[in-house]
Number of protein chains: 2
Amino acid sequence: MLQISRKGDYAIRGMVYLASQPVDKVSLLSDIAAKMEVPQTFLAKIFQQFNKSGLVKSYRGAGGGFKLGRPAENISLLEIVETVEGPIVPNRCIMAAGICSRDISCTVHPVWKEVQKSMREILSSVTLKHLAGR
Amino acid sequence: MLQISRKGDYAIRGMVYLASQPVDKVSLLSDIAAKMEVPQTFLAKIFQQFNKSGLVKSYRGAGGGFKLGRPAENISLLEIVETVEGPIVPNRCIMAAGICSRDISCTVHPVWKEVQKSMREILSSVTLKHLAGR
DNA sequence: TTGTACGGGACAAAAAAGGTCTTATTGGAG
DNA sequence: CTCCAATAAGACCTTTTTTGTCCCGTACAA
Ligand code: SF4
Ligand code: SF4
């Protein structure tokens, strides 16, 4: 449908929340989920991914929670989206050469490449710093 | 998944085929499907939509088939895609105000608006004339 | 050692994608 | 006027993806 999934949107919401907290503050998942209106168990899964990729750092046990893995200005929207949704590819044939047998001669192929480039440029130019409501 | 569906890609293939034929030539669905490597019955559905929207003109019975409903230079990729996939909306909240209750204060919302604008600009600037293999 | 909070995996309902099948309808040619 | 060619329309179907939930394990602090 050429549209981001809820997972992607929820992921961004969660990260924006963390970015809007005091630096190094550890936030409870339940707080993040409530404030950003995201199903908590779903967000848990998303943050597990982020923890593995290093985008967030998690702490278990009492007093545990999540905080950003890096300064907000070093985390782009593109990285968040691609971590949960996979690479931004507006059409199958952009993923890799040969996936569509027609790609070599196809006149439409370059257009999708341009769309991809443009999207990546926009998303990579926006960081959590920009998004954190002040 | 932020990706065009096969339906959308097939739709484009079919239209590019028509655009690369002599003007006013009526092409058989079976020929289009074979040449462009698209499941014929699926393409039939797509072209029915196009016929209703006026993007193609169909002729039934012996000697029937399809041709473009307008000159190739007046049909953009954007129009083709939006006819089969619906409006280009990179996130739900772009469809209409109020779909996401957070849209008014959301700092991410404007970014998706920009993504939408950029995609629509690229796709509307490409016409079937540009895509028809010479 | 107990309660809190995240980690990981299995599970599942609902929606969307990707087609197929059958039965009209229409129009041309004999 | 009758057959055949070709699209129209709609019902139907299967597979994949999305959108979550549940349960149990593990870590950690008081
Ligand atoms: S745009 Fe061209 S190359 Fe890409 S999937 Fe479609 S036909 Fe293949
Ligand atoms: S980007 Fe903001 S407004 Fe749009 S759906 Fe996400 S939270 Fe809502």
Side-chain angles (χ1 to χ4, degrees), chain A residues 1-14 17-18 25-34 36-69 81 84-86 89-92 95 100, chain B residues 1-14 17-18 25-34 36-69 81 84-87 89 91-92 95 100:
Chain A
M1 229 229 286
L2 214 34
Q3 201 172 87
I4 202 182
S5 67
R6 286 180 201 242
K7 185 175 172 187
D9 190 65
Y10 293 163
I12 296 169
R13 293 195 205 183
Y17 179 94
L18 289 186
K25 153 124 193 255
V26 173
S27 301
L28 278 177
L29 184 66
S30 52
D31 287 348
I32 309 170
M36 305 311 275
E37 301 175 282
V38 171
Q40 182 175 334
T41 60
F42 199 1
L43 188 61
K45 289 296 173 202
I46 294 167
F47 270 31
Q48 278 175 32
Q49 263 185 277
F50 284 157
N51 184 48
K52 278 193 270 198
S53 82
L55 278 184
V56 305
K57 189 141 176 30
S58 74
Y59 302 92
R60 304 218 266 197
F66 298 88
K67 64 167 190 159
L68 292 183
V81 170
V84 296
E85 305 253 3
V89 282
N91 200 347
R92 218 170 351 290
M95 286 177 38
C100 175
Chain B
M1 224 228 286
L2 214 36
Q3 202 174 86
I4 202 183
S5 67
R6 289 187 199 241
K7 186 174 170 186
D9 191 66
Y10 293 163
I12 296 168
R13 293 195 206 183
Y17 179 94
L18 289 188
K25 153 125 192 253
V26 171
S27 301
L28 278 178
L29 184 65
S30 53
D31 287 348
I32 308 170
M36 305 312 274
E37 301 175 280
V38 170
Q40 182 176 335
T41 60
F42 199 0
L43 188 61
K45 289 296 174 201
I46 296 167
F47 270 32
Q48 278 173 32
Q49 266 186 273
F50 284 157
N51 184 49
K52 278 193 271 197
S53 82
L55 278 183
V56 305
K57 191 145 177 22
S58 76
Y59 302 90
R60 306 219 266 199
F66 298 89
K67 65 166 189 160
L68 293 182
V81 171
V84 295
E85 305 252 1
V89 283
N91 200 347
R92 237 175 354 291
M95 286 178 38
C100 175

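In what follows, chains carry the letters A, B, and so on, assigned in the order in which the sequence lines appear, proteins first and then strands, with residues in each chain numbered from 1.
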Could you tell me the separation between the [atom1] atom of [X] and the [atom2] atom of [N], rounded to a whole number of Å?
X       : N      : atom1 : atom2 : value
B/Gln48 : C/dT20 : CD    : P     : 14 Å
B/Gln49 : C/dA17 : CD    : P     : 12 Å
B/Lys67 : D/dT7  : NZ    : P     : 15 Å
A/Ile4  : C/dA16 : CD1   : P     : 17 Å
A/Ile46 : C/dC6  : CD1   : C1'   : 15 Å
A/Lys52 : C/dG9  : NZ    : C1'   : 10 Å
A/Phe47 : C/dG8  : CZ    : P     : 15 Å
A/Leu2  : C/dA16 : CG    : P     : 15 Å

Heavy-atom check, side chain of [X] versus side chain of [Y], under 4.5 Å:
X       : Y       : result
B/Glu37 : B/Arg13 : yes
B/Ile4  : B/Ile12 : yes
B/Ser30 : B/Gln40 : yes
A/Tyr10 : A/Met36 : no
A/Phe66 : A/Ser58 : yes
A/Phe47 : A/Leu18 : yes

Does B/Lys7 or A/Ser30 map to a spot on DNA chain C nearer the 5' end, using the closest nucleotide for each?
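Final value for this comparison: A/Ser30.
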Pick base, sugar-phosphate or nothing for A/Phe66, based on heavy-atom distances below 4.0 Å to the nucleic acid.
sugar-phosphate
Whether A/Glu85 side chain and A/Ser5 backbone form a donor-acceptor pair below 3.5 Å
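A pair under 3.5 Å: yes.
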Look for any protein N or O under 3.5 Å of an N or O in nucleotides 26-30 of chain D and output each such pair with its distance, or none.
{"from": "D/dT26", "atom 1": "O3'", "to": "A/Arg60", "atom 2": "NH2", "distance (Å)": "3.4"}
{"from": "D/dA27", "atom 1": "O4'", "to": "A/Arg60", "atom 2": "NE", "distance (Å)": "3.3"}
{"from": "D/dA27", "atom 1": "O4'", "to": "A/Arg60", "atom 2": "NH2", "distance (Å)": "3.3"}

Would you please confirm or rule out a distance under 4.0 Å between OP1 or OP2 of C/dA16 and any side-chain N or O of B/Ser5?
no
Within less than 4.0 Å of OP1 or OP2 of C/dC6, is there a side-chain N or O belonging to A/Asn51?
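False: A/Asn51 side-chain N/O out of range (4.0 Å or more) of C/dC6 OP1/OP2.
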Identify all pairs in which a protein N or O lies below 3.5 Å from an N or O of nucleotides 20-23 of chain D, and state each distance.
{"from": "D/dG20", "atom 1": "OP2", "to": "A/Tyr10", "atom 2": "OH", "distance (Å)": "3.0"}
{"from": "D/dT21", "atom 1": "OP2", "to": "A/Thr41", "atom 2": "OG1", "distance (Å)": "2.5"}

Report the nucleotide, chosen from D/dT7, C/dA17, C/dC6, that has the shortest atom-to-atom distance to any side-chain atom of A/Met1.
C/dA17
Identify the heavy atoms of B/Ala11 and B/Ile46 that sit nearest to each other, and give their distance.
CB-CG2, 3.6 Å
Quick check: closest heavy atoms across B/Lys25 and B/Lys67, and the distance to 0.1 Å?
O-CB, 3.4 Å
